[in-house]
Protein chains: 2
Amino acid sequence: MSAVILPRSKNATPMKLVPRYERLKQLAKRFPELDPSAIETCLTMLRLSNELTSAYEAHFTRHGLSQGRFVVLIQLFIAEDSGESLSPAEIAELSQCTRATMTGLLDTLEKDGLISRADHPEDRRMYTVHLTARGREFIQGMLPDHYRRIATLMAPLSHAERDTLRDLLAKVSSGIPALRDP
Amino acid sequence: MSAVILPRSKNATPMKLVPRYERLKQLAKRFPELDPSAIETCLTMLRLSNELTSAYEAHFTRHGLSQGRFVVLIQLFIAEDSGESLSPAEIAELSQCTRATMTGLLDTLEKDGLISRADHPEDRRMYTVHLTARGREFIQGMLPDHYRRIATLMAPLSHAERDTLRDLLAKVSSGIPALRDP
DNA sequence: GCCAGATGGTCAGGCACCGAATCATCTTGC
DNA sequence: GCAAGATGATTCGGTGCCTGACCATCTGGC
């Protein structure tokens, strides 16, 4: 279970929101459960979340990919680098999507000639997935631009700030069960 | 243009990713553009982004809503609170979705009896949207749970940490054009 | 006044994902 | 060695959102 991969999320159903602090305080009078600083921070995150996801998608579109397709390619690229081969279920696990979704991704990647499916030597229920020569060239060709853009995206933050950010995000992450739970 | 609203994002196409630091350093030898700390931070954000979006959606599903439908209701709730009324295009603008999407959201909300459409007094191209009594009760009924959950989500962070987090997110936001641009 | 362009709502078509059901194959316990 | 259950891939139907094209209505300059 390695990975250098990407995201998941069903429908980025989202919408942006512009918190209005005085509005929140006004509403807080009627709803004592409302914590203005929590809402403001949460909304800021959701907004960035959507901006980032949509910019990411635009970036991949420029290369003729979607985020999902990119993740599959990079997973294969990394795995083959270590001489491993992957099954659809393994890629789905690494990419955090369902096997049903993976079937669809692989179908279009195969149609585009970027990957191929080969019989699994031991288990006839599965097969293994491989980059074609064209697929390998393709991903190698786009990685420099990809990495350069991410470096630029994060350039406004110092290394110390990046560390702090990851810490804070981890704390938010620890609170997420509160949203789903009961 | 007020707001206390929500997200947007076309396809939450995403997938989670588990950065493997040594893997990154290995790849960095082949791709000098790769900045491991930038990638790690970016992947952490994307992962949280997806977790958060999907937990948010699960939360709304429990109340029989989607994020989009919730945003419409809360916008109407806030607007009517100030005695204003909104047109579909205004709600779309506030919610950061297209007018076409708003048509669909309003259709289902109207079918569920939560909102109603009324002729616009001056412009026959448009109409105004209003919460029904049922719609108002409904949103009031769910807001305490909603606000309580967000407060719990953010509970792991102190107020100072929340301020820091918002600052850092704003810096990331400023780098986003690098993803889309050329 | 009147027509060109702006603006508002809708429709059709598409995309990316999911869950549940299905079918094939493997594995276990006996 | 053989059923019962586990596991893998696929298909089908559904959701939520998008873009682009459409028609209706309003507005401004002449």
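Sequence lines set the chain letters: A, B, ... in the order given, protein chains first and strands last, and positions in each chain run from 1. Note that the structure is a prediction, hence the values are computed from the model and not measured.
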message = For residues B:Met126 and B:Met102: do they belong to one hydrophobic cluster (side chain heavy atoms under 4.5 Å, members Ile, Leu, Val, Met, Phe, Trp, Tyr)?
response = no
message = In this structure, how many angstroms lie between the P atom of C:dG9 and the CD atom of B:Glu90, rounded?
response = 8 Å
ask   = Nearest-Å distance, CD (B:Glu57) to C1' (C:dC17)?
value = 12 Å
query = Taking side chain as C-beta onward, heavy atoms only, is B:Leu106 less than 4.5 Å from B:Arg117?
reply = yes
remark   = A:Ile91 CD1 to C:dC17 C1', in whole Å, measures 17 Å
task = Please assess A:Arg166 against B:Thr41 for the test side-chain hydrogen bond (donor to acceptor under 3.5 Å, both in side chains), listing each intermediate value before the final yes or no.
result = CA-CA 6 Å; A:Arg166 285 197 304 273; B:Thr41 308; 2.7 Å; yes
Whole-Å gap separating C1' (C:dT10) and CG (B:Leu105) = 14 Å
request  = Choose from C:dC18, C:dG9, D:dT19 the nucleotide whose nearest atom is closest to any side-chain atom of B:Thr103.
outcome  = C:dG9
ask   = What pairs with B:His120 under ring pair (Phe, Tyr, Trp, His ring centres under 6.0 Å), at least two apart in sequence or on another chain?
value = none
request  = Could you tell me the separation between the CG atom of B:Leu65 and the P atom of D:dT15, rounded to a whole number of Å?
outcome  = 15 Å
ask   = Starting at CG of B:Leu86 and ending at C1' of C:dG8, how long is that distance when rounded to a whole Å?
value = 15 Å
request  = Run through A:Leu109, A:Ile91, A:Leu86 and flag the one making a side-chain contact (heavy atoms from CB on, under 4.5 Å) with A:Val129.
outcome  = A:Ile91
request  = Grab the CG-P distance between B:Leu106 and C:dG8 for me, whole Å please.
outcome  = 15 Å
query = Excluding sequence neighbours, so at least two apart, what forms ring pair (Phe, Tyr, Trp, His ring centres under 6.0 Å) with B:His159?
reply = none
List every contact pair, protein side and nucleotides 4-8 of chain D side both N or O, where the distance is under 3.5 Å.
| residue | atom | partner | partner atom | Å |
| --- | --- | --- | --- | --- |
| D:dT7 | O2 | A:Arg125 | NH1 | 2.5 |
| D:dG8 | N7 | A:Arg99 | NH1 | 3.4 |

ask   = Reckon B:Thr98 has a side-chain N or O less than 4.0 Å from the OP1 or OP2 of D:dC18?
value = yes
ask   = Can you check whether B:His146 and B:Phe60 have ring centres sitting under 6.0 Å from each other?
value = yes
task = Would you kindly give the CZ-to-P distance between A:Arg124 and C:dC26, to the nearest whole Å?
result = 5 Å
query = For B:Arg117 and C:dT10, is the shortest distance between a side-chain N/O and OP1 or OP2 below 4.0 Å?
reply = yes
ask   = For C:dC17, does OP1 or OP2 lie under 4.0 Å from any side-chain N or O of A:Thr101?
value = no
